[in-house]
**Q** 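My questions all concern the structure below.
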Amino acid sequence: MKRRQYVIGAVSFAVAFVIFVIPFIFVVINAMKSAAESARLDFRLPQKWQFWQNLTDVVQARDYMLLLAYFNSTVITVGAVTLLVIFGALVGYVLQRRPSRFSSFVYAFVLTGLMIPPAVVPTIWVLQEINLFKTLHGMILIQVAYGLGFTVLLYRAFIASIPRDLDEAAIVDGARPLQVFFRVILPLLEPVTVTVIVVQSIAIFNDFTHPLYYLPGRENVTVQLTLYNFQSQFVSQMNLLFMNILLVTIPPLIVFIFFNRQIVAGMTSGAVKG
Amino acid sequence: MSRVELKQLRKSYGAVEVMKGIDLVVEPGEFCVFVGPSGCGKSTLLRMIAGLEEQTSGQIEIAGRDVSFDEPSKRGIAMVFQSYALYPHLSVRDNIGFGLSLARRPKAEIRQKVDAVGEILQLGPFMDRKPKALSGGQRQRVAIGRAIVRDPQVFLFDEPLSNLDAALRSQMRLELTELHARLGATMIYVTHDQVEAMTMADKIVVMNAGRIEQVGTPMELYQRPATPFVAGFIGSPRMNLFDGDVARRMGCDVYGIRPEHLLISESDGRWTGQVRHVERLGADTILHLDVPELGALVARTDGNCSFHPGQVVQASPQPDMEFFYAAPG
Amino acid sequence: MKRKSHYPYWFMLPAISVFFVLFIVPTLASLYFSLTIWDPFEARFSGFENYVQFFSEPFLVRGVVNTVGFAIVTCVLKTILGLLLAVLLTSGVWGQGLLRSIVFFPVLVSTIGVGLLFQEMMHPTQGAINVALSWIGINGPGWLTNPSLALFSVALVDVWRGVGLATLIYIAGLATISPDYYEAARIDGATRLQQFWRVTVPLVWPATTTVVMLSLISGLRLFDLVWAMTRGGPGFSSDVLASVIYKQYQSGFWGLSTAGNVILFIMIAVIIAPLTYWFNKREVES
């Protein structure tokens with residue numbers, strides 16, 4: 001490597017550090033301060049480190065609402081991602097394997113979901129009509145509907161790389177359609193499934209807008225909603241607000257460290273040559 | 001061992017007819033090869049017999065039973081794909097036993113049958129490997145093993161050797177022929193390679209543009225090609241074929257003479273021409289001649305002949321080796 | 001007698017029914033409800049009244065204009081910065097793997113978390129940004145309190161959060177360009193700058209299409225960041241369509257809110273459709 005590249009690298013690091021890293025350090029420092037210290041919003045290190053105290057304060061606030069929020073968010077995320085994987089893979093499989101007018105129509109239909117924003121108030125009306133408004137399973141189905149386009153896009157592209165001969169060999173071997181899918185195709189979808197799981201989990205876990213509309217009420221609170229509501233409650237306790245921000249930042253950080261490759265694959269395969 | 005009979009089999013995609021009424025009988029235990037240029041419909045025909053493509057009209061009988069609308073798995077066939085189509089996530093053992101496991105046969109029975117097949121194909125040491133860890137020839141054997149274990153009435157092969165290198169290909173040709181002799185089963189084999197067709201077949205079916213051009217033993221096709229297409233397709237180097245004025249002078253629409261049936265001499269012969277190019281293959285020499293009377297002519301002579309480019313030579317067809325066709329193919 | 005396909009359409013039934021009921025039905029219903037005076041109790045047909053209101057009330061017009069401005073500013077910044085960062089991060093500089101991760105990580109962080117964090121950092125007197133600026137003698141502005149600056153500040157944060165995705169897409173796009181082109185250009189005597197304009201920019205065009213489309217669509221739809229940072233304020237100065245839709249919904253003007261939604265669809269269609277056409281045409285030509 002040339003000297004120039006070291007210099008450019010070092011300068012880039014300095015700039016990237018200031019712009020992208022310092023805000024996170026700011027969160028960490030302030031999450032450990034006392035309420036009085038954090039009110040000054042500065043970069044000074046805490047005089048008194050109180051990580052555990054702030055953590056327990058945040059968790060206990062409003063009658064352990066944060067734990068409920070993590071529980072709800074986890075249920076929604078796990079439920080929606082499970083359905084998305086199975087539903088999305090089935091749709092991507094049929095659309096890729098059975099080219100027809102009808103398939104193209106369905107595909108175009110599903111992809112509109114990537115572009116058009118949902119009509120929120122009419123959606124609330126529909127949810128009320130079928131008794132799913134303000135319910136976790138209603139929220140799960142909403143996330144399935146909104147995440148379907150991207151999931152189908154990923155699966156359809158990946159399935160195109162699996163030779164049809166495999167399906168036909170299984171058909172000759174006597175496999176019925178569901179057996180071909182579950183015993184031959186689905187096991188081969190593992191790489192793209194990991195990508196779908198990781199990318200959709202992060203998107204659904206971080207979603208604020210849709211729970212705000214479709215899940216009002218204390219008992220249904222999600223992680224992003226509590227974070228937002230805590231803001232008004234913690235005006236005088238910035239340390240707790242920052243602790244809360246820190247808590248919502250850690251899960252994606254862990255996922256990112258372990259699944260960097262899959263996330264990158266998912267974000268770009270869906271994007272380049274959409 | 002079963003007979004396969006196709007009756008007026010047709011297939012069209014919209015207005016385009018790709019299979020134009022095929023009638024064919026494959027006798028029990030026969031090794032039958034479908035051969036033809038790419039796009040002639042030979043693979044489609046095989047896939048129709050397998051049930052992977054549906055015919056537009058016509059009938060398919062296997063062992064005397066009309067299977068035209070049966071599922072592939074109910075036709076008593078097994079198929080070896082060009083890409084082998086081995087399930088990448090399963091071991092060799094599970095690949096071979098996949099069909100039996102779908103049919104919910106007892107574990108012990110599956111194991112015993114799969115082991116027996118592994119034995120025949122000498123796959124013993126590889127039974128627990130994944131297909132990725134096998135060589136091309138080993139994968140080929142697994143694909144064949146998956147077919148054998150079904151104990152089918154008819155084996156179908158779709159260009160099974162085209163992914164192998166030349167040396168392995170000739171070895172597998174031999175193995176397949178031996179396998180056929182051992183199992184005695186009816187086999188239908190698709191290839192675009194006339195060498196595979198000539199060396200392995202009991203019966204060759206030459207196809208062109210969705211039609212059968214000729215059916216016969218390898219030597220019948222070589223000695224008595226029914227159409228100019230078959231004449232040009234079977235034999236290497238290709239038969240010299242002339243139409244238009246040249247053929248009319250000979251009293252036919254297409255005139256053909258094989259390169260190996262031309263006598264070349266410096267003194268006398270039917271046609272006079274100039275040597276344009278000499279290809280020395282060792283045992284044989286291929287001469288490319290410019291004959292004013294005919295056009296370009298290819299001839300095969302001895303390996304150690306002394307012809308050289310620019311030389312003027314005489315060429316004569318051997319008696320009874322000329323072909324005269326009416327109506328061009 | 002026709003045999004059944006081995007890829008039956010009913011495989012898609014569960015997914016399509018969920019999608020149809022929860023996405024398509026509301027979308028179609030919105031076309032009707034946008035023409036009504038609708039509140040939690042009844043929906044009364046009122047013709048185009050809501051649309052007329054949307055384009056006559058100044059604070060609603062403001063929302064429409066802001067949405068377009070926000071989408072364009074963030075899209076341009078993300079595209080340009082994304083391409084430059086991608087070129088830098090594929091040039092083999094020291095530590096480029098880690099740098100990529102640093103730039104990309106904010107994409108994965110909760111938007112609300114980012115919004116609240118920057119809300120504190122952009123505090124006019126105590127905020128970290130203005131404190132840092134004061135060290136070098138600059139008197140920082142009221143990022144979120146100055147009505148003519150608030151939306152732009154939100155846009156900057158959106159770029160901070162989203163440029164990593166643009167960079168990532170560009171990196172993937174750059175990876176598809178064969179080094180042969182650069183070598184050929186160098187043999188032809190092209191300078192680095194010429195290589196960038198004559199080789200990189202045209203050959204990375206598919207990635208540009210994606211980045212522009214993605215950031216425009218997400219810019220037009222943006223809600224959470226605005227809501228976390230300004231709630232559309234001060235006044236209505238940083239309202240965008242999505243926040244107007246939410247506010248009208250909260251106030252019980254469901255018909256008006258839905259009309260906002262329909263305007264948003266139409267806007268996206270009107271902006272995206274010609275762009276898609278233009279991008280595809282250029283792609284074919286080049």
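All values derive from a computational prediction rather than experimental measurement.
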**Q** Using a 6.0 Å cut-off, check whether atom CZ of Arg176(A) has over 12 heavy atoms from anything other than its own residue.
**A**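 No.
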
**Q** Of all the heavy-atom pairs spanning Leu83(C) and Val204(C), show the shortest one and how long it is.
**A**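 Between these two residues, the closest heavy atoms are CD1-CG1, 4.2 Å.
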
**Q** Is there a side-chain contact between Asn30(A) and Asn239(A) (heavy atoms, below 4.5 Å)?
**A**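 Sidechains of Asn239(A) and Asn30(A): no contact.
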
**Q** Relative to chain C, which segment of Leu241(A) carries a heavy atom at a distance below 4.5 Å: side chain, backbone, both, or neither?
**A**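 For Leu241(A), the side chain is the part near chain C, not the backbone.
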
**Q** List the atom pairs, donor and acceptor, that lie under 3.5 Å between side-chain atoms in residues 252-260 of chain A and the rest of the protein, sequence neighbours left out.
**A**
none

**Q** Please look at Ile217(C) and chain A and tell me whether the side chain, the backbone, both or neither of the residue comes under 4.5 angstrom of a heavy atom of that chain.
**A**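 Only the side chain of Ile217(C) comes within 4.5 Å of chain A.
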
**Q** Which bit of Ser91(C) is near chain A, if near means a heavy-atom gap under 4.5 Å: side chain, backbone, both or neither?
**A**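 Contact with chain A: backbone only.
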
**Q** I need the Thr151(A) OG1 to Ile86(A) CD1 distance, nearest 0.5 Å.
**A**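 Taking OG1 in Thr151(A) and CD1 in Ile86(A), the distance rounds to 12.5 Å.
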
**Q** With only heavy atoms counted, which part of Val109(C) is less than 4.5 Å from chain A, the side chain, the backbone, both or neither?
**A**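 Answer is both: backbone and side chain atoms of Val109(C) are under 4.5 Å from chain A.
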
**Q** Sub-4.5 Å heavy-atom contacts with chain A: which residues of residues 249-257 of chain C show up?
**A**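 Those residues of residues 249-257 of chain C which have a heavy atom under 4.5 Å from chain A are Tyr249(C), Trp254(C), Ser257(C).
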
**Q** Heavy-atom distance under 4.5 Å to chain C: side chain of Ile202(A), backbone, both or neither?
**A**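 The side chain, not the backbone.
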
**Q** With a 4.5 angstrom heavy-atom cut-off, is it the side chain or the backbone of Ala242(C) that approaches chain A, or both, or neither?
**A**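 Interface part for Ala242(C): backbone (N, CA, C, O).
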
**Q** Are there residues of residues 260-267 of chain C that reach to under 4.5 Å of chain A by heavy atoms, and which ones?
**A**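 Heavy-atom contacts from residues 260-267 of chain C to chain A are Asn261(C), Leu264(C), Phe265(C).
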
**Q** Of Val211(C), Leu165(C), Leu89(C), which is the lone residue that meets side chain to side chain contact (heavy atoms under 4.5 Å, CB included) with Tyr170(C)?
**A**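 Of all the options given, the one that passes is Val211(C).
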
**Q** May I ask you to check whether Asp207(A) and Gln224(A) show a side-chain donor-acceptor distance below 3.5 Å?
**A**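 Gln224(A) and Asp207(A) do not have a side-chain donor-acceptor pair below 3.5 Å.
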
**Q** Please identify, among Leu116(C), Thr27(C), Val103(C), the residue contributing the most non-hydrogen atom pairs under 4.5 Å to chain A.
**A**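 When all of Leu116(C), Thr27(C), Val103(C) are compared, Leu116(C) has the most.
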
**Q** Can you tell which part of Leu108(C) gets under 4.5 Å to a heavy atom of chain A, answering side chain, backbone, both or neither?
**A**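 When you check distances to chain A, atoms from both the backbone and side chain of Leu108(C) fall under 4.5 Å.
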
**Q** Just wondering, do Phe87(A) and Thr82(A) contact through their side chains at under 4.5 Å, heavy atoms?
**A**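 Thr82(A) does not reach Phe87(A) side chain to side chain.
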
**Q** For residues 6-24 of chain C, which side-chain N or O atoms pair as donor and acceptor with protein atoms under 3.5 Å away, sequence neighbours left out?
**A**
unit_1	atom_1	unit_2	atom_2	d
His6(C)	NE2	Glu71(B)	OE1	3.3
Tyr7(C)	OH	Asp167(A)	OD2	2.7
Tyr9(C)	OH	Ser100(A)	OG	2.7
Ser17(C)	OG	Leu13(C)	O	2.7
Ser17(C)	OG	Pro14(C)	O	3.0

**Q** Any chance you could measure Leu212(A), atom CG, to Tyr246(C), atom OH, to the nearest 0.5 Å?
**A**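 Result: 3.5 Å between the selected atoms.
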
**Q** Under a 4.5 Å heavy-atom cut-off, does chain C meet the side chain of Tyr146(A), its backbone, both or neither?
**A**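 Just its side chain gets close to chain C.
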
**Q** Between the side chains of Trp143(C) and Asn130(C), does any donor sit under 3.5 Å from an acceptor?
**A**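 Present: a donor and an acceptor within the cut-off.
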
**Q** Of the backbone (N, CA, C, O) and the side chain (C-beta and beyond), which part of Leu148(A) lies under 4.5 Å from a heavy atom of chain C, both, or neither?
**A**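 When you check distances to chain C, only side chain atoms of Leu148(A) fall under 4.5 Å.
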
**Q** Taking atom types as modelled, is there a side-chain donor on Thr111(C) or Arg161(C) under 3.5 Å from an acceptor on the other?
**A**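 Yes.
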
**Q** Non-hydrogen atoms of chain C under 4.5 Å away: do they reach the side chain of Ile19(A), the backbone, both or neither?
**A**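 Both parts, backbone and side chain.
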
